[in-house]
Amino acid sequence: LWFAEKDAGRFRRVLVELGEFRAEDVQLLEGVGMARVRDAIAAADAAIGRARERGEHPLFVFYFSGHAAAGGIELGGERLGFDELRALVTGTSADARVGIVDACEAGLLTQVKGATAAPALDFALPAPDTVRGTAFIASTAVGESAQESAAIGGSFFTHHLEAALRGAGDADGDGLVTLGEAFRYTSTQTLAGTLATVAGAQHATYEFRMSGRGDVVL
């Protein structure tokens, strides 16, 4: 992969610049092993606990760009299984938890084995106030490769996800980009951008388990 670390840096910047995440609350890890990832999530959860004590409703976001295979993401010479990754994300005490993986075979995280194009994308999300639960988004379906483009200088999926968060995904024009809006835009554009590639169409997939009222504003 040529652009995995660059994609992670871009995702961090958009969270800080437009997502109202404090810079000190967004940890960027490059070239680390499993222990460092576990420690980072534990540190984030400690901060989440302090925020909850202040009466806040914390949002936890985990993003990974890199290699994945055989049921897990690759961290140097180590492999963090998707089951453990799910447990780490869902185990935080945040009200809403979002896990995003841009990697080959990331569909194993969402357990979506195939996908087809549809005229419109819709899925159930709670409707305005605080939402609770967990959402996982994968850049691929099971059996698909996550593709990069030299022309855009990054992966198709993360490039379009960043564009979505910077405003392209704001479908209703309210100045807010929700999780649902971001996924709809990113999945549609990723599919369109990869239809003619050698590897073929790439389908972003999701698993949303949310309750309460409202969508997650990113």
Q: Can you check whether Leu15 reaches Leu218 side chain to side chain, under 4.5 Å on heavy atoms?
A: no

Q: What is the minimum heavy-atom distance between Thr92 and Arg97, and which atoms define it?
A: OG1-CD, 3.0 Å

Q: Do Leu59 and Val98 come within less than 4.5 Å of each other through their side chains, counting heavy atoms only?
A: yes

Q: Taking atom CD as the centre, does Glu30 end up with more than 12 heavy-atom neighbours from other residues, nucleotides or ligands that are less than 6.0 angstrom away?
A: yes

Q: Can you find a pair of side-chain heavy atoms, one from Gln27 and one from Arg12, that are under 4.5 Å apart?
A: no

Q: Would you name the heavy atoms of Phe82 and Ala68 that are closest together and state the gap between them?
A: CZ-CB, 4.2 Å

Q: Are any of the side-chain nitrogens in Arg36 or Asp39 under 4.0 Å away from the carboxylate oxygens of its partner?
A: no

Q: Got more than 12 heavy atoms from elsewhere within 6.0 Å of CZ, Arg52?
A: yes

Q: A side-chain contact here means heavy atoms from C-beta on lying under 4.5 Å apart; do Ile41 and Phe60 qualify?
A: yes

Q: Quick check against the 3.5 Å criterion: does Thr158 have a side-chain atom that pairs as donor or acceptor with the backbone of Asp7?
A: no

Q: Among Phe64, Tyr63, Phe3, Phe62, find the residue that satisfies the ring pair (Phe, Tyr, Trp, His ring centres under 6.0 Å) test when tested with Phe11.
A: Tyr63

Q: Please determine whether residues Met34 and Val101 belong to a single hydrophobic cluster, defined as Ile, Leu, Val, Met, Phe, Trp and Tyr linked transitively by side-chain heavy-atom distances below 4.5 Å.
A: yes

Q: Say whether, by atom type as modelled, one donor and one acceptor occur between the side chain of Lys6 and the main chain of Gly154 under 3.5 angstrom.
A: no

Q: List the atom of Leu195, the atom of Ala201, and the distance in Å for their closest heavy-atom pair.
A: CD2-CB, 3.7 Å

Q: Contact between Phe157 and Ile100 at the side-chain level, heavy atoms closer than 4.5 Å - yes or no?
A: yes

Q: Between Thr190 and Thr194, which heavy-atom pair has the shortest distance, and what is it?
A: O-OG1, 2.8 Å

Q: Could you check if a side-chain atom of His203 sits within less than 4.5 angstrom of a side-chain atom of Leu191, using non-hydrogen atoms only?
A: yes

Q: Between the side chain of Glu144 and the main-chain N/O of Ala141, is any donor-acceptor distance below 3.5 Å?
A: yes

Q: Would Val37 and Leu29 satisfy side-chain contact (heavy atoms from CB on, under 4.5 Å), going step by step from the backbone distance to the final call?
A: CA-CA 8 Å; Val37 172; Leu29 308 179; 4.2 Å; yes

Q: Got a donor-acceptor contact below 3.5 angstrom from the Ser145 side chain to the Gln147 backbone?
A: no

Q: Any side-chain heavy atom of Phe21 within less than 4.5 Å of one from Val61?
A: yes

Q: Quick test of your reading of the model: are Glu162 and Arg166 salt-bridged, counting only N-O distances below 4.0 Å?
A: yes

Q: Between Asp170 and Gly175 (side chain of the first, backbone of the second, donor and acceptor by atom type, cut-off under 3.5 Å), is there such a pair?
A: yes

Q: Honestly curious: do Phe156 and Ile137 fall in one hydrophobic cluster under the side-chain, below-4.5 Å linking rule?
A: no

Q: Indicate the atoms forming the closest heavy-atom contact of Leu108 with Val142, along with that distance.
A: N-CG2, 3.6 Å

Q: Between Asp95 (side chain only) and Val131 (backbone N and O only), is there a donor and an acceptor less than 3.5 Å apart?
A: no

Q: Under a 3.5 Å distance rule, please check whether Glu17 uses its side chain to pair with a backbone N or O of Val14 as donor and acceptor.
A: no

Q: Taking Asp102 for its side chain and Ser139 for its backbone only, find out whether a donor-acceptor pair lies under 3.5 Å.
A: no

Q: Would you name the heavy atoms of Ala103 and Ala146 that are closest together and state the gap between them?
A: C-CB, 3.4 Å

Q: Is it possible for you to say whether Val32 and Leu80 belong to one hydrophobic cluster, with membership spreading through side-chain heavy-atom contacts below 4.5 Å?
A: yes

Q: Got a salt bridge between Glu84 and Arg86, using NZ or NE/NH1/NH2 to carboxylate O under 4.0 Å?
A: no

Q: Let me confirm one number: the CD-CG distance from Glu181 to Asp215, rounded to the nearest 0.5 Å.
A: 7.5 Å

Q: Just by distance, do the side chain of Glu207 and the backbone of Phe136 share a donor-acceptor pair under 3.5 Å?
A: no

Q: Measure the shortest side-chain to side-chain distance between Met210 and Leu179 over non-hydrogen atoms and say whether it is less than 4.5 angstrom.
A: yes

Q: If hydrophobic clusters are built from ILVMFWY residues whose side chains come within less than 4.5 Å, do Leu165 and Val26 share one?
A: yes

Q: Do the side chain of Glu74 and the main chain of Arg79 share a donor and acceptor less than 3.5 angstrom apart?
A: no

Q: With the 4.5 Å side-chain cut-off for hydrophobic clustering, are Leu161 and Leu28 part of the same group?
A: no

